[in-house]
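Because the structure is a prediction, the values reported are computed rather than measured. In what follows, chains are A, B, ... by sequence order, proteins preceding strands, each numbered from 1. Below, each value reflects all heavy atoms present in this structure, side chains not excepted, and no hydrogens, waters or symmetry copies.
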Amino acid sequence: MNKGTIKQILLITDGCSNQGEDPAAMAALAKEHGIVVNVIGVMENYETDDRGMKEIDNIASAGGGVSQVVQTKQLSQTVQMVTRQAMTQTIKGVVNQELQDILGDSQSMEDLPPEKRGRVMEVVDDLGETVNLEVCILVDTSASMKTKLPTVREALLDLSISLTSRMGENQFCLYTFPGKRKATSKIMSWTPKIDHISQVFSKLASGGVTPTGPAIRDVIKSFSTSSRRHLISHDDEAYDDGPRY
Amino acid sequence: MTMKPMMMDQDIKLHPGTRIYGKWHKKTYQIMRHLGSGAQGTVYLAHSNQGEVAIKFSKDPSSLISEVNILKRFVALQGDPLGPYLYDVDDWVTNKGTINFYVMERIKGVTLDDSIRHKGFEWVYVFILQLLKDLSRLHELGFVFGDLKPENLMITESNYRIRCLDFGGTTQLGHSIKEYTEFFDRGYWGMGTRKAEPSYDLFAVMMIFIYAAERRRFNKTEHPRDQLIQKIKTNPKLKPFEKILLKALAGQFHHANDMRQAFLYKMNETNRIESRITRRRTATSPSKKRYQKKKTVSGWIGASVWAVVIIALYVMYTVLYVM
Ligand SMILES: Nc1ncnc2c1ncn2[C@@H]1O[C@H](COP(=O)(O)OP(=O)(O)O)[C@@H](O)[C@H]1O
Ligand SMILES: [Mg+2]
């Protein structure tokens with residue numbers, strides 16, 4: 001399990017989906033494909049929208065990821081924190097699985113005495129630093145998101161600073177929804193350089209409905225087909241149209 | 001495999017008198033009062049067999065374990081302590097679930113943040129020099145502090161010594177910084193990566209200096225680099241240290257000790273110039289009256305800066321060499 005790949009969808013939205021499949025179901029589907037779904041809810045005033053917050057929570061739970069609702073100005077730090085925590089969570093999940101295989105029953109990291117837990121955490125830390133990361137960024141560009149897009153761009157550039165500071169490799173791609181005649185449009189295909197987003201962002205058009213479920217379903221396909229099975233997959237598998245290193 | 005979101009949004013609130021019982025090491029602690037809270041956790045003062053201790057509870061168990069891993073390394077260390085002494089790590093089983101905690105030495109004093117608000121700017125040099133010394137040792141051990149900011153630094157009541165707290169952001173050299181705070185983070189200011197290297201911490205030291213002079217945090221503008229340079233060049237408290245601060249800003253100090261030496265050298269230098277100026281002034285007063293009048297404002301600012309530097313030098317000597 002030395003050098004694997006973690007696959008994540010990073011969904012940035014401001015609330016309620018209103019078209020197509022239940023986004024939580026599609027997130028659960030992503031999880032079955034070995035892809036974790038993280039959700040950032042961007043709100044102007046996050047006290048108000050209960051339904052939106054519930055949906056955001058549900059998508060992340062179903063997708064095995066982390067969710068956080070933030071006000072626009074805190075977006076940068078949240079995006080990187082959520083990505084990082086989800087990565088640690090995925091690795092911990094795999095490590096826990098391994099522990100269960102070795103120690104049997106319901107043993108997990110939390111059941112170990114503090115001393116041993118510390119050792120395991122060092123391993124988790126190391127893996128988080130060296131593992132390869134594939135993040136498909138999925139941005140809601142429905143009408144209500146228009147004023148928030150410059151901040152989203154800023155936050156993604158900030159995320160790139162954090163991720164490129166890691167030792168492991170990174171691959172990013174960017175999709176927005178709703179698309180022209182489909183649920184999503186592909187804005188940027190897989191690349192190790194997230195800063196390219198800077199240029200494409202100015203061209204983003206916003207408006208239309210919010211097909212969050214179909215959008216998630218769509219981007220699952222963007223990940224390489226051959227290595228979807230495991231949350232941490234190994235490098236020796238061949239990629240088709242997925243990220244290339 | 002169950003995975004649920006790890007982030008708990010609510011802080012841990014405990015009443016004085018609450019008994020904390022450790023599941024593994026069977027020690028009991030009694031909560032006395034709240035000491036402080038940060039982004040990750042809450043720290044309480046408590047009674048124990050060892051006397052008064054500080055107990056930290058964290059929202060994120062992973063962050064707590066990483067922190068303990070670092071503190072453990074310090075226990076065996078010779079010389080001045082780099083962080084609070086670690087006494088115990090355990091789990092507290094409550095009817096609402098298990099809470100991880102660790103027990104450490106209680107550091108009596110105020111945070112640098114409070115100290116900056118109540119003490120003169122001259123103290124900041126002293127604390128920064130002490131801090132650079134500690135950072136140099138930490139870097140030598142192979143770690144970068146990471147989340148360096150006034151709330152994570154304490155000034156001890158007994159001997160005015162700076163002590164680092166909160167090693168949740170402390171990261172192995174070469175890895176990516178685990179936790180940071182935007183205002184003190186060079187990534188936020190567009191001045192470099194978040195790779196753990198000594199220059200990352202030294203940038204934060206420079207920001208602490210700016211913060212102490214400006215007494216507030218401000219947001220970045222369109223051109224963050226120029227904005228910081230402008231602050232350094234125009235604030236009379238920062239101006240004398242312009243060269244050093246700009247070098248730290250650009251990430252050109254690779255060792256904490258180099259930055260420390262630069263500060264020490266600068267203070268000696270300004271002290272020499274200052275004594276020359278005072279000598280000359282007493283010799284030539286009458287003929288320069290008209291010229292001096294024009295210069296009053298900038299001269300006055302200059303004089304107050306020099307005065308501060310002299311006081312700083314004095315304080316520095318007493319604290320660094322006598323205590
Ligand atoms: N050992 C200690 N002794 C006294 N006060 C402490 C100690 N540790 C923490 N504190 C206080 O608690 C606050 C929060 O602790 P910190 O470890 O920084 O939490 P966080 O990880 O959430 O930032 C600190 O700013 C400080 O005021
Ligand atoms: Mg703190």
S.K.: More than 12 heavy atoms of other residues, nucleotides or ligands under 6.0 Å from OH of B:Y85: yes or no?
M.R.: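 Open.
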S.K.: Can you establish whether the number of heavy atoms outside B:R73 located under 6.0 Å from its atom CZ is more than 12?
M.R.: no
S.K.: Quick check: do A:Q80 and B:Y180 have side-chain heavy atoms less than 4.5 Å from each other?
M.R.: yes
S.K.: Can you tell if the side chain of A:T88 reaches within under 4.5 Å of the side chain of B:K178, non-hydrogen atoms only?
M.R.: no
S.K.: Crowded around A:K116 NZ? As in, over 12 foreign heavy atoms under 6.0 Å?
M.R.: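 Not more than 12 within 6.0 Å, no.
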S.K.: Who among A:T164, A:N38, A:L157, A:D158 has the most heavy-atom pairs with chain B under 4.5 Å?
M.R.: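 Heavy-atom pairs under 4.5 Å are most numerous for A:D158.
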S.K.: Could you tell me which portion of B:I177 (side chain, backbone, both or neither) has an atom closer than 4.5 angstrom to a non-hydrogen atom of chain A?
M.R.: backbone
S.K.: Could you state the interatomic distance from CE (A:M121) to CG (B:N69), rounded to the nearest 0.5 Å?
M.R.: 8.0 Å
S.K.: Out of curiosity, B:T171 OG1 to A:E129 CD, how far, rounded to the nearest 0.5 Å?
M.R.: 8.0 Å
S.K.: At a heavy-atom separation under 4.5 Å, does A:R166 approach chain B through its side chain, its backbone, both, or neither?
M.R.: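 Both backbone and side chain of A:R166 come within 4.5 Å of chain B.
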S.K.: So what's closer than 4.5 Å to chain A heavy atoms on B:V89: side chain, backbone, both or neither?
M.R.: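 Interface part for B:V89: both.
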S.K.: Take atom NZ of B:K23 as the centre, draw a 6.0 Å sphere, and report whether it contains more than 12 heavy atoms from other residues, nucleotides or ligands.
M.R.: yes
S.K.: At a 4.5 Å cut-off on heavy atoms, which part of B:T98 comes close to chain A: side chain, backbone, both, or neither?
M.R.: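 Neither; nothing under 4.5 Å.
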S.K.: Would you say the side chain of A:R117 lies within less than 4.5 Å of the side chain of B:N100, judging by non-hydrogen atoms?
M.R.: yes
S.K.: From A:S162 OG over to B:K195 NZ, what is the distance, rounded to the nearest 0.5 angstrom?
M.R.: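 These two atoms lie 11.5 Å from each other.
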S.K.: Within the structure provided, determine whether A:D125 and B:S66 are in side-chain contact (heavy-atom separation under 4.5 Å).
M.R.: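 Heavy-atom side-chain distance check passes, below 4.5 Å.
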S.K.: Below 4.5 Å, heavy atoms only, C-beta onward: do A:Q77 and B:D185 meet side chain to side chain?
M.R.: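 No, their side chains stay 4.5 Å or more apart.
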S.K.: Can you establish whether the number of heavy atoms outside B:R19 located under 6.0 Å from its atom CZ is more than 12?
M.R.: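 No, because the 6.0 Å sphere around CZ of B:R19 holds 12 heavy atoms or fewer from other groups.
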S.K.: Which bit of B:Q172 comes within less than 4.5 Å of chain A, counting heavy atoms only: side chain, backbone, both or neither?
M.R.: side chain
S.K.: Looking at A:E154 and B:K220, is any side-chain nitrogen of the basic one under 4.0 Å from a carboxylate oxygen of the acidic one?
M.R.: yes
S.K.: How many angstroms lie between atom CE of A:M167 and atom NE2 of B:H175, to the nearest 0.5 angstrom?
M.R.: 4.5 Å
S.K.: Do B:S62 and A:Q89 come within less than 4.5 Å of each other through their side chains, counting heavy atoms only?
M.R.: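 The answer is no; the side chains never approach within 4.5 Å.
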S.K.: Using a 3.5 Å distance criterion without hydrogens, assess whether the side chain of A:S165 forms a donor-acceptor pair with backbone atoms of B:R194.
M.R.: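 Such a contact is found between A:S165 side chain and B:R194 backbone.
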S.K.: Looking at B:H223, I'd like to know if its NE2 atom is crowded, meaning that more than 12 non-hydrogen atoms belonging to other residues, nucleotides or ligands lie closer than 6.0 Å.
M.R.: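 No, not enclosed.
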